[in-house]
Amino acid sequence: MADPQGFLKVTKRELPARRPVPIRLLDYREVSEAGDGEQLRRQASRCMDCGIPFCHQGCPLGNLIPEFNDAMYRGELARAVELLHATNNFPEFTGRACPAPCENACVLGINQPAVTIKQVEVSIVDQGFEAGLIQPVIPDRITGHTVAVVGSGPAGLAAAQQLTRAGHTVVVFERDDRIGGLLRYGIPDFKLEKHHIDRRLAQMRAEGTRFETSVSIGADLTLDELSARFDAVLLCTGATRPRDMELPGRQAQGIEFAMDYLVPSNRAQAGDEVDVISAAGKHVIIIGGGDTGADCLGTALRQQAASVTTLAIGAKPPAERPADQPWPTVPRIFEVQTSHEEGGTRRYLSSTIGFESDAAGRVTGLRLARTRFVDGRRVPTPGTEHTLPADLVLLALGFAGPETEGFALATDRGRFVRSADYSASAPGVFVAGDAGRGQSLIVWAIAEGRAAAAEVDEYLMGSTRLPRPVEPTATAFEC
């Protein structure tokens, strides 16, 4: 334990300062300023090294949180880097894009603000790269087996790195022109600058992982053809089918899925010449109050929208943990992300009942009603209908599951069917991440990629030394 009295001496939760809102709205750079080393050490000292560290259970990866907190408090960066990478291939991604269920499970959170686990994590990996401590891990043997990984999001990349380090020849197939999946094109740069992805890909290439871009499995290459060329195939295609709203007026122009809005913006930031859906000077309505909705908000504000309103169908969550969501479960509380600090309006209990458009077919507004709860269902309240003007509507309603067409595999509720060992309905084919689990967290994607890699390794070799962090089922800690 770093400091047995640390949590008594330091009771305040501190995070690095963020760049002023008027400044950061002028660019797409990450919003946080460089951290203070002494502040980080103080926060790491608050970790109590609990006899039962519930943060381990809160984290699907089982990160060694008390141990790396202790290492950072003592200034042992090399040990902290080693401990962190023992369970997590990409802490620079989770430290920026994960909602940190580990912090909700932190025992200190019972009566104090939780330890800043996520900030300690991302600081370890960033400092580790700067110090040259994170180097390629070259396998000590080559097995002669080949594995195709379809999809280059966090699940696919984690599995590919694990399998490459086990000595297999791994090729990652990505249908986009760049590697990274939604890390690359779904998350805006102000949350995750893409040089972090490129830095990790350089390590993976040096280790031996190969990447093929602009290849769509099911179109350019069938799953049968892929299975004939490789000893095993692991599908990590994500859950990319957006949820829609089948309401009157939905066909109007100017109603866009969130990813159709965010992806071109990310491409433009990468220097591509693309047609961007611009919010400049428009009254923007975002339907959906989750992470993707916040990403749309931050992007629209940077495009200088006239106004941005985010609609949520449910009630405004409480500011504190409610009694029916006790520690250490993940509570549903009012959240202020960096995009919410920058502007916009949030409206709750707003049920969309239709869209309005002009003579040219362009959206001009939303017809809304106040939400009420009937038999556990959220329905519009009669007599509360009203119209909210809009020039651009963004649907940030989550994802319905993977795109299954062209794979000829068994599905259930829109997801690929898989067994406890991640195997799909075709021999030698495995499924990991959102493609089998459904829409979930980045930390679950990495955990499943690591676990599926162990199953693929055992399938090929008869046994495995790779860790199995999770089984393909949900837990009480999942958001």
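As a basis for the values below, the full set of heavy atoms in this structure was taken, side chains included, without hydrogen atoms, waters or symmetry mates.
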Nearest-0.5 Å distance that lies between atom [atom1] in [X] and atom [atom2] in [Y]:
X	Y	atom1	atom2	result
Asp231	Thr169	CG	OG1	9.0 Å
Leu40	Tyr73	CG	OH	12.5 Å
Arg450	Leu466	CZ	CG	8.5 Å
Arg165	Asp140	CZ	CG	12.5 Å
Gln43	Ile117	CD	CD1	11.0 Å
Ser307	Ile285	OG	CD1	6.5 Å

Indicate yes or no: does [X] engage [Y] in a salt bridge with an N to O separation below 4.0 Å.
X	Y	value
Asp189	Arg29	no
Arg24	Glu341	yes
Arg199	Glu92	no
Asp198	Arg205	no
Arg178	Asp272	yes
Glu14	Arg42	yes
Glu335	Arg346	no
Glu103	Lys118	no
Asp177	Arg267	yes
Arg19	Asp27	yes
Arg74	Asp3	no
Glu67	Arg79	no
Glu455	Arg468	yes

Among side-chain atoms of [X] and [Y], is any donor-acceptor pair under 3.5 angstrom?
X	Y	value
Glu207	Gln161	yes
Asn266	Arg184	no
Ser339	Asp295	no
Glu403	Thr240	yes
Gln162	His168	no
Gln303	Tyr261	yes
Glu174	Ser152	yes
Asn63	Thr87	yes
Thr209	Thr164	yes
Gln119	Ser123	yes

Is it true that, when you exclude [X] itself, more than 12 heavy atoms of the residues, nucleotides or ligands shown sit nearer than 6.0 Å to its [atom1]?
X	atom1	answer
Glu76	CD	yes
Asp324	CG	yes
Glu82	CD	no
Glu273	CD	no
Leu26	CG	yes

Checklist entry - Hey, mind stepping through Phe68 and Ile124 against side chain to side chain contact (heavy atoms under 4.5 Å, CB included) and telling me if it holds? => result CA-CA 9 Å; Phe68 67 60; Ile124 291 171; 3.6 Å; yes
Checklist entry - Is the Lys NZ or Arg CZ of Arg243 less than 6.0 Å from the centre of Phe399's six-membered ring, within 45° of the axis? => result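 Not satisfied by the 6.0 Å and 45° rule.
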Item to check | Trace of the side chain to side chain contact (heavy atoms under 4.5 Å, CB included) decision for Arg46 with Leu8 | outcome: CA-CA 8 Å; Arg46 299 178 66 230; Leu8 298 174; over 6 Å; no
Checklist entry - Is the distance between the ring centroids of Phe211 and Phe173 under 6.0 Å? => result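 Not close enough - the centres of the two rings lie 6.0 Å or further apart.
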Validation row: [X], [Y] side chains within 4.5 angstrom (heavy atoms):
X	Y	value
Val284	Leu394	yes
Leu157	Asn89	no
Cys50	Pro66	no
Ile65	Cys102	yes

Next on the checklist: Under the criterion side-chain hydrogen bond (donor to acceptor under 3.5 Å, both in side chains), I'd like the reasoning laid out for Gln112 against Arg13: C-alpha separation, chi angles, the key distance, then a yes or no.
Outcome noted: CA-CA 9 Å; Gln112 281 189 30; Arg13 177 182 168 94; over 6 Å; no
Checklist entry - Looking only at atom types and distance, does a side-chain atom of Gln203 sit under 3.5 Å from a main-chain N or O of Gln135, one as donor and one as acceptor? => result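 Yes, because the side chain of Gln203 sits within donor-acceptor range (under 3.5 Å) of the backbone of Gln135.
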For [X] and [Y], work out which heavy atoms get closest and say how close.
X	Y	answer
Ala159	Leu234	CB-CD2, 3.3 Å
Ala435	Thr237	CB-OG1, 3.5 Å
Val276	Ala268	CG2-CB, 3.9 Å
Gly186	Leu262	O-CD1, 3.7 Å
Cys106	Trp327	O-NE1, 3.0 Å
Arg332	Pro322	O-CD, 4.4 Å

Checklist entry - side-chain hydrogen bond (donor to acceptor under 3.5 Å, both in side chains) between Asn104 and Thr329: does it pass, once the steps are laid out? => result CA-CA 7 Å; Asn104 288 294; Thr329 58; over 6 Å; no
Item to check | Stepwise salt bridge (charged side-chain N to carboxylate O under 4.0 Å, His left out) test for Arg96 and Glu193 | outcome: CA-CA 10 Å; Arg96 289 176 167 86; Glu193 292 184 16; over 6 Å; no
